[in-house]
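Pasting in a structure now, in structure tokens, and then I'll have a few things to ask.
Positions are given from 1, in the same order as the sequence printed here.
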Amino acid sequence: IVVINFYMRIRPRFDIYLQFSALPFGRRAHFEDFESGLKYFPQKNFSISAGWRQVRFKLRRGEGVGTFHKSGLFAGVHYAF
């Protein structure tokens with residue numbers, strides 16, 4: 001498992017972040033997830049984020065190879081309790 005998280009406070013209540021994770025399943029498959037964006041914290045335990053995300057999954061079985069790839073812009077709200 002490979003995980004990289006980077007957060008940088010650019011102003012009070014604003015963060016720039018970068019997250020990457022990868023999970024290999026031997027020679028047969030692997031999973032990758034990359035996300036970067038901006039987070040705003042208007043109140044404690046509450047954030048609003050927007051950015052870009054990419055998810056990739058590859059599976060090999062015999063001679064066949066299956067892949068899944070999705071990427072694009074996103075926006076979200078997060079409440080931590």
Side-chain angles (χ1 to χ4, degrees):
I1 297 175
V2 175
V3 177
I4 298 171
N5 286 320
F6 173 76
Y7 288 85
M8 185 171 78
R9 176 85 14 119
I10 57 173
R11 297 187 59 140
R13 297 199 245 176
F14 280 96
D15 283 358
I16 291 177
Y17 70 95
L18 175 102
Q19 298 174 330
F20 174 78
S21 60
L23 180 62
F25 297 104
R27 296 183 328 185
R28 293 191 167 252
H30 69 271
F31 174 80
E32 298 172 1
D33 182 21
F34 173 80
E35 182 177 324
S36 65
L38 180 67
K39 279 190 181 181
Y40 171 60
F41 300 92
Q43 295 181 6
K44 184 179 177 182
N45 299 334
F46 183 75
S47 66
I48 300 169
S49 61
W52 184 78
R53 186 172 193 178
Q54 174 180 312
V55 176
R56 186 182 314 172
F57 182 76
K58 188 171 190 178
L59 176 64
R60 292 184 190 127
R61 185 170 183 183
E63 295 296 318
V65 176
T67 60
F68 173 80
H69 180 246
K70 190 76 172 169
S71 65
L73 298 174
F74 76 93
V77 176
H78 179 83
Y79 178 74
F81 54 93

Close side-chain approach of Phe25 and Leu59, heavy atoms under 4.5 Å: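 The answer is no, as the side chains (C-beta and beyond) never meet within the 4.5 Å cut-off.
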Any His69 side-chain heavy atom under 4.5 Å of Ser71 side chain: yes
Within-4.5 Å side-chain heavy-atom neighbours: Phe6 and Ser36: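 No, every pair of side-chain atoms sits at 4.5 Å or beyond.
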Non-hydrogen side-chain atoms of Tyr17 and Glu35 separated by less than 4.5 Å: yes
Point-to-point distance, once rounded to the nearest 0.5 Å, from OG of Ser21 to CZ of Phe31: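 If we round to the nearest 0.5 Å, Ser21:OG and Phe31:CZ are 6.0 Å apart.
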Nearest atoms (heavy-atom pairs only) where Arg13 meets Arg9: N-CD, 4.0 Å
same_hphob_cluster(Leu18, Phe41) at 4.5 Å side-chain heavy-atom cutoff: no
Closest non-hydrogen atom pair between Phe46 and Val77, with its separation: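 Minimum heavy-atom separation between Phe46 and Val77: CE1-CG1, 3.3 Å.
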Other residues, nucleotides, ligands: >12 heavy atoms within 6.0 Å of Ile1 CD1: no
Between CG on residue Leu23 and NE2 on residue His30, distance to nearest 0.5 Å: 10.5 Å
ILVMFWY network linking Met8 to Phe34, side-chain heavy atoms under 4.5 angstrom: yes
Shortest non-hydrogen separation from Pro42 to Ser47 and the atoms involved: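 Closest approach of Pro42 to Ser47, heavy atoms only: CD-CA, 4.3 Å.
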Donor-acceptor pair, side chain of Arg60 and main chain of Val65, under 3.5 angstrom: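 No; zero donor-acceptor contacts below 3.5 Å.
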Side chain proximity check, Asp33 to Arg53, heavy atoms < 4.5 angstrom: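 Result yes, sub-4.5 Å side-chain heavy-atom pair found.
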Heavy-atom closest pair, residues Asp15 and Tyr7: OD2-CD2, 4.2 Å
Interatomic distance, Arg11 atom CZ to Ile16 atom CD1 [nearest 0.5 angstrom]: 12.0 Å
